[in-house]
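To keep things clear, I will list the structure first and then write my remarks on it.
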Amino acid sequence: MGIRENLELVREKLKIAAHRAGRDPRSVKLVAVTKTIPPAVIHEALASGVQALGENRVQELLDKQPHLPPDIEWHLIGHLQTNKVKYIIGRVTLIHSLDSWRLAAEISRRARERDLTVPVLVQVNVAGEESKFGLPPVEVPDFVAEVLSLPNIRIRGLMTIAPLVADPEEVRPVFRELKGLAEGLKTKLPGLPLDYLSMGMSNDFTVAVEEGANIIRVGSAIFGPRKTKEG
Ligand SMILES: *Cc1c(COP(=O)(O)O)cnc(C)c1O
C-alpha cells in the first residue's frame, strides 16, 4: 500500500476511536514520525495532508529541515541530550521528551539567549521500563512544580511511550495512568496550560485516543516498516 492509502487508514481508525470515546477526531493531532524516512518520501505524506512531523534525533531533524517546506510543524520526540539543546531551540514546535532537571535548565537558558519560550512535554516512564527514558510517575508533580521556576520553558503536557505488546489492550492502563496524572496536576497546579497528552504509536494509537490522547505519533503505519536501525 502507498502512503496515501496508509494515511487514509490511520485517519479512519483515528476517527472511529475518537467517536467511540465521544470525542471530535479533529481534536487529535497526528504527528507523522519520519525517522529514517528520506525527504523525497516525506513529501508524499505532505501531499496527503500531513502537517506535523516527528523526529527522534536532533541531527536527523536538522539535516531534513532545509529539504522540506518552512510551514511544517516539527516535533522532537526522542531523548534530547543537554549538549544538543542549543541546536534545536527555535527550530521545533514542541519537544516531547523533557526528562530531567538538567535538561529543563539548559532549555530555559538557551531559550532565554534567543528571547524565546520553549514549549515542552514531560516524558513519563509509566510502565517503569529500564530501556526507556522518562520520569517515574511519582516524581512528576514535584518536577513540574520546580520547572515552573524556570523563565523560558513552558510545560504543556505529558508524553509516554507504552511498552510494545502484541495486543494494544494490554497497554490501556498505561494511557489511563498518564491521563490521570495530567488530571491530578491540573488540580494541583491550576492555571498551568497542560493541554497535551502525547501517547499512542502505530500499534496502539486507537487505544490511546480512546483514553484521551490528543497527540499521536505514528510512523510505520504511514511509511511502512523501518529498514534501518533506530533509537
Ligand atoms: C519511532 C517512534 C514513534 C513511532 O513509532 P511507530 O511504531 O513506527 O509508529 C513514536 N514515538 C517515538 C518516541 C518514537 O521514537
Side-chain angles (χ1 to χ4, degrees), residues 1-3 5-14 17 28-38 41-42 44-45 48 50-64 72-81 84 88 92-100 103 119-135 156-172 174-175 178 196-231:
M1 267 205 312
I3 289 172
E5 290 81 4
N6 289 346
L7 267 167
E8 273 170 22
L9 202 61
V10 167
R11 290 197 180 105
E12 188 58 31
K13 286 181 180 169
L14 165 56
V28 184
K29 178 187 287 289
L30 172 63
V31 173
V33 176
T34 48
K35 61 191 182 204
T36 77
I37 308 296
V41 179
I42 300 173
E44 280 184 58
S48 301
V50 162
Q51 289 158 339
L53 305 180
E55 286 285 343
N56 67 337
R57 291 182 176 196
V58 168
Q59 191 56 51
E60 194 174 341
L61 188 156
L62 297 177
D63 287 346
K64 285 176 189 174
I72 289 177
E73 272 187 32
W74 290 89
H75 293 247
L76 185 72
I77 61 175
H79 179 62
L80 176 56
Q81 286 171 289
K84 300 270 174 69
I88 209 81
V92 292
T93 304
L94 188 61
I95 295 171
H96 290 227
S97 45
L98 178 65
D99 58 6
S100 73
L103 180 59
V120 301
L121 306 180
V122 176
Q123 182 170 350
V124 187
N125 190 351
V126 175
E129 289 180 283
E130 284 203 11
S131 60
K132 297 219 167 95
F133 291 100
L135 295 176
R156 297 300 311 273
L158 306 178
M159 177 273 223
T160 199
I161 303 172
L164 186 61
V165 290
D167 178 3
E169 278 301 327
E170 281 179 51
V171 290
R172 189 181 290 278
V174 169
F175 298 137
L178 193 74
Y196 298 120
L197 273 182
S198 169
M199 54 187 198
M201 316 191 345
S202 289
N203 69 313
D204 56 20
F205 72 86
T206 57
V207 176
V209 166
E210 286 170 10
E211 295 301 328
N214 55 15
I215 302 180
I216 58 174
R217 311 174 309 266
V218 180
S220 49
I222 298 172
F223 296 104
R226 283 177 294 273
K227 288 173 196 77
T228 47
K229 196 179 162 351
E230 30 86 3

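In this text the structure is predicted, and so the values were computed from the model without any measurement. Just so you know, ligand 1 is whichever comes first in the structure, and atom 1 is the first atom listed for that ligand.
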Can you see which heavy atom on Ala162 is nearest to which on Lys132, and at what distance?
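Closest pair (atom of Ala162, atom of Lys132, distance): O-NZ, 3.6 Å.
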Ignoring hydrogens, what is the shortest heavy-atom contact between Ser202 and Ala221? Give both atom names and the distance.
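That would be OG-N, 2.9 Å.
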Would you indicate which of Met159, Arg57, His75, Lys35 comes nearest to atom 2 (C) of ligand 1 when only heavy atoms are counted?
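Residue with the shortest heavy-atom distance to the ligand atom: Lys35.
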At a 4.0 Å threshold, what atoms of ligand 1 neighbour a non-hydrogen atom of [X]?
X      : value
Ser202 : 6 (P), 7 (O), 8 (O), 9 (O)
Ser220 : 6 (P), 7 (O), 8 (O), 9 (O)
Val218 : 9 (O)
Arg217 : 4 (C), 9 (O), 10 (C), 11 (N), 12 (C), 13 (C)

Could you tell me whether some N/O pair between Gly219 and ligand 1 is separated by less than 3.5 angstrom?
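By distance alone, the answer is yes.
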Decide whether an N or O pair under 3.5 Å exists between Asn203 and ligand 1.
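No: no nitrogen or oxygen of Asn203 is under 3.5 Å from one in ligand 1.
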Do the rings of His96 and His75 sit parallel, tilted or perpendicular, given the 30° and 60° boundaries?
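Rings of His96 and His75: perpendicular, as their planes differ by over 60°.
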Would you mind telling me if ligand 1 is within reach of the side chain of Ile161, the backbone, both or neither, using heavy atoms under 4.0 Å?
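The side chain, only.
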Before giving the answer on side chain to side chain contact (heavy atoms under 4.5 Å, CB included), spell out for Phe133 and Asn125 the whole-Å C-alpha distance, their side-chain angles and the decisive distance to 0.1 Å.
CA-CA 6 Å; Phe133 291 100; Asn125 190 351; over 6 Å; no
Side chain to side chain contact (heavy atoms under 4.5 Å, CB included), that's the test. Do Gln51 and Glu73 meet it? Break it down for me.
CA-CA 6 Å; Gln51 289 158 339; Glu73 272 187 32; 5.9 Å; no
If the contact criterion is a heavy-atom separation under 4.0 Å, does Arg226 count as touching ligand 1?
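A heavy atom of Arg226 does come that close to ligand 1.
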Would you indicate whether the side-chain heavy atoms of Ile161 and Arg217 approach each other to under 4.5 Å?
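Of all side-chain heavy-atom pairs linking Ile161 with Arg217, at least one is under 4.5 Å.
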Quick one: salt bridge (charged side-chain N to carboxylate O under 4.0 Å, His left out) partners of Glu60, sequence neighbours excluded?
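Per chain and number, Glu60 pairs via salt bridge (charged side-chain N to carboxylate O under 4.0 Å, His left out) with Lys64.
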